[in-house]
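Naming convention: chains lettered A, B, ... in sequence-line order (proteins, then strands); numbering from 1 in each chain.
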4 protein chains.
Amino acid sequence: MTDISDPPSPPSRHQRRSEATRARILEAAHRHFVAVGLDGARMETIAAEAGVNKALVYRHFGGREQLYREVLRRAYEKVRQAEVELSLPEDPVEALDRLVAFTFQYYIDNPDFLILVGIENLNGGAHLRRVGQEGLHVSSLLDILRRILDAGVARGIFREGLDPMEFYMVVASQCWFTVATSHTFGITFDVDVLSPGSIARRRALICDNVRRYALRDPDRWNAGAGDAPSA
Amino acid sequence: MTDISDPPSPPSRHQRRSEATRARILEAAHRHFVAVGLDGARMETIAAEAGVNKALVYRHFGGREQLYREVLRRAYEKVRQAEVELSLPEDPVEALDRLVAFTFQYYIDNPDFLILVGIENLNGGAHLRRVGQEGLHVSSLLDILRRILDAGVARGIFREGLDPMEFYMVVASQCWFTVATSHTFGITFDVDVLSPGSIARRRALICDNVRRYALRDPDRWNAGAGDAPSA
Amino acid sequence: MTDISDPPSPPSRHQRRSEATRARILEAAHRHFVAVGLDGARMETIAAEAGVNKALVYRHFGGREQLYREVLRRAYEKVRQAEVELSLPEDPVEALDRLVAFTFQYYIDNPDFLILVGIENLNGGAHLRRVGQEGLHVSSLLDILRRILDAGVARGIFREGLDPMEFYMVVASQCWFTVATSHTFGITFDVDVLSPGSIARRRALICDNVRRYALRDPDRWNAGAGDAPSA
Amino acid sequence: MTDISDPPSPPSRHQRRSEATRARILEAAHRHFVAVGLDGARMETIAAEAGVNKALVYRHFGGREQLYREVLRRAYEKVRQAEVELSLPEDPVEALDRLVAFTFQYYIDNPDFLILVGIENLNGGAHLRRVGQEGLHVSSLLDILRRILDAGVARGIFREGLDPMEFYMVVASQCWFTVATSHTFGITFDVDVLSPGSIARRRALICDNVRRYALRDPDRWNAGAGDAPSA
DNA sequence: GATGAATGAGGATTCATTCAT
DNA sequence: AATGAATGAATCCTCATTCAT
């Protein structure tokens, strides 16, 4: 945040406090937007949870929409960051499993993200569009996907010509659906989709499906390798 | 709604008009809830679009929540109905394709349903839970799924022991994700997910994936059979 | 208000009550706008003074601007009405005096009108313009002015070719200034412009000035005829 | 403002800068108060237009009311100054014309003044009263008026016993009304009161009226002498 | 003198809901 | 069944003003 380039002037106490306030507001806003949605959110509540005055929220962010946009932007920033930090195994098949496990776990651990994206889609993507595609750093994700596919192809074990974006869809859709529709799915089928057992089974299933999608000869690899590594 | 069981007394003019009014309100409410969400919806707007007085909406449905619940219930009723009416081919592999095509197309043609379910999941399923699992007629869906799987197993071409609910997840998740996150996905990857070409490709991909999931020996069936049947 | 033309249906209790409410709001709004100006006025206060709910004011008038506009329109309607009801003497010179006396007295008795017009001029006439020139019924005023001038010319005692609008300006300006700037004028010159004595003197002065303006031979008419008739 | 009386110490750089800031704030405040009125004015806007911080406005003037008062005081100071600098012709009749022309033109050129005085009268003169009558330097105006009247009387061409304040009213009222109610008057009568032609005609009319008021024998002086002298 | 951060109070407008007819 | 009037409780956002630096 504080750039180390030109002038050595350290941030004044004013600036530091302001920065901290801004961060507190953002966190409160994130929590609140996630909890009750864009329309349901109350500026008053956000301010109160941030421990500041309502007017200050306006001063810092200009209004509810802009605040929401910033929250959204940061949520995307965070996923992409996590993806970048993801260390993939050399072995392409293990990499598939790792990608699925990571994606699934990220959704489970960060329902916030799913919720924000859900809100956004209900909104027709209006706010994300204003964030701008550049802010979404998708190339870093595509790099990762390509690296996995290329490695598999190089070793002659993946099908050729797979499209990274489609590959991503195959992975993400099943993880996404599991978590994002867990409530309605659970009610409809009278099951607990997010119980540890269900999750482990589901992850293994998705790993299998992804292998079947990517591998030239899935049967050579014993299915079930995606089995609950920790649970 | 009007039950045909006991007395022969035909509905009075009053009753018929009332029934029609109720239907108009429900349609208006459906449209409005879908358009702007639960929190965004205004009783005034619903009443106006139904061409009736606000107070009448209250008389008929008691309040905004109940109205929403009824809208939700009917949306589920409608999918299940469509599923029941779905005529499946004898051939199990064709049945897979048909199920995918139907599911995908239903989501495309009825974004309302995805939106309502999306809203519901953001809400933690609170309203759907009050509708009650009975109202969701899931057994008719499970019947269909089982019928397909059983037929495939009977002919020795499907893997054995596949779980209908998991099978459904494999089908639904990829269709769902494609449509339900089309806005954010489209913005992120800078593509038009719902263009006719994209849809056809995506459907073929999902068909392939589902075959790979269900079939004992996917390679015997030439991939790409799911290619745009009509479009 | 209730037109006697077509249907004999008497206003329902609802309608009558609503009409009365509307009137109460308008009166309260008039008082409040006059007291504190357009920007200073509080919808809350208006509602409270009308004995109704704030929201009802919006229901009836749509908003603060429209409410103000209606108040303004009615104020103009009232002056024009008073002018129409003004009975002018046959004698043209007496008519001049009468017109001055009426105009002066109207301003003194209805500072509301001056205040509203003052507000409006500070606003660049924006709201009056939206009322529309038709709503101002200026022709009835011009008729009166013309009648006076024509009578004087017919008797050969007024100058010919006088313009009604200019004539009006000569009359109104001096009355207007006296009342409308009474506070600053009074403070500047340390006098009480609106004391009964001052008013009587000022009226006589204006009458004289108007006679000098209109009459062909002012000296034939003993000045001071405008002297305080009542005070 | 900076008094030249006692000590020789020249203003420090600090003081000079402060003085300039103060002036900038006053100018911004003047413009803004004139533009949107007392209630409509925003401290933020004034500060921004002055290019300074809001808090600085408070430091310099203590608050919005005091700032307004100072603006008002300066506006009066400026008129009186202009009046003092007015060079009157020897000839009393020409002096009348000159006074009218000056007064009229001042109002046209300085709508600010009319607006501030208008605001003040809507306020009941509350702020002007706090400025204090001494601050208004009315005696210099009265001197001028008396000088004109006395000259006319001395030459035997003006009526005797004319009161300076009444004389002023006769002059000012017609100029004032023309400019101060130009918007509502224009809308009501559907004319452009401030077009060059209208102004010239109006000035001539007022000159005539003032002559008729002051002169013992107005007919000896050809009317219309007030015709657009320069414009 | 000058600044940016922060506050508290207010004020317009909206809305779900109820009432009287 | 259906309506229009009326209400009370929010909720967003703005502003004058003060504080800390």
*Run the salt-bridge test on B:E77 and B:R73 with the 4.0 Å N-O cut-off and return the result as yes or no.*
yes

*Nucleotide of E:dC15, E:dT3, F:dA1 approaching B:L56 most closely (side-chain heavy atoms)*: F:dA1

*asked:* Checking base pairs now: Watson-Crick or wobble, both atom distances under 3.5 Å. What partners F:dA1?
replied: none

*So does B:T21 get a side-chain nitrogen or oxygen closer than 4.0 Å to the phosphate oxygens (OP1/OP2) of F:dA2?*
yes

_Rounded to whole Å, please give me the gap between CG in D:D39 and P in E:dG11._
11 Å

*For E:dG10, which nucleotide in any strand shown is its Watson-Crick or wobble partner with both distances under 3.5 Å?*
F:dC13

_Closest non-hydrogen atom pair, A:L38 against A:R64_ = O-NH2, 2.8 Å

_Side chains of A:H127 and A:E65, donor plus acceptor under 3.5 Å_ = yes

*Between atom CZ in A:R24 and atom P in E:dA5, what is the gap in whole Å?*
14 Å

*Considering only heavy atoms and no angle criterion, is a donor-acceptor pair shorter than 3.5 Å present between the side chain of A:K54 and the base of E:dG10?*
yes

*Using whole Å, report how far CD1 of B:I46 lies from P of E:dC15.*
12 Å

*For F:dA6, which nucleotide is its Watson-Crick or G-U wobble mate, given both distances must be under 3.5 Å?*
E:dT17

*Which nucleotide sits closest to the side chain of C:M43: E:dT3, E:dA12, E:dT17?*
E:dA12

*To the nearest Å, how far apart are D:R59 CZ and E:dA2 C1'?*
8 Å

_On DNA chain E, does the nearest nucleotide to C:E65 precede the nearest nucleotide to D:V52 from the 5' side, or the other way round? Give the residue._
D:V52

*Measure across B:A29 and B:V71 and return the closest heavy-atom pair with its distance rounded to 0.1 Å.*
CB-CG2, 3.9 Å

*Rounded interatomic separation in angstrom, taking CD1 from B:I25 and C1' from F:dT3*: 13 Å

*C:E44 CD to F:dA10 P: how many Å, rounded?*
15 Å

*Mark yes or no for a side-chain to base donor-acceptor pair under 3.5 Å between C:R42 and E:dG11, with no hydrogen or angle criteria applied.*
no

*According to a strict under-4.0 Å criterion, is B:N53 in side-chain N/O contact with OP1 or OP2 of F:dG4?*
yes

*Are OP1 or OP2 of E:dA2 and a side-chain N or O of D:H60 less than 4.0 angstrom apart?*
yes

*Output yes when D:R129 and D:E120 qualify as a salt bridge under the 4.0 Å nitrogen-oxygen rule, no when they do not.*
no

*Using atom CG of B:L67 as one end and atom C1' of E:dT17 as the other, report the distance to the nearest whole Å.*
14 Å

*Any side-chain N or O of B:S18 under 4.0 Å from OP1/OP2 of F:dA1?*
no

*What about C:R64, does its side chain sit under 3.5 Å from the base of E:dA12 through a donor-acceptor pair?*
no

*What nucleic acid atoms does D:A41 come within less than 4.0 Å of, heavy atoms only: base, sugar-phosphate, or nothing?*
sugar-phosphate

*What about C:F61 and C:Y68, are their ring centers closer than 6.0 Å?*
no

*Please report, rounded to the nearest Å, how far the P atom of F:dA5 is from the OH atom of C:Y58.*
18 Å

_Both B:G40 and A:R17 contact DNA chain E. Taking the nearest nucleotide for each, which residue is further toward the 5' end?_
A:R17

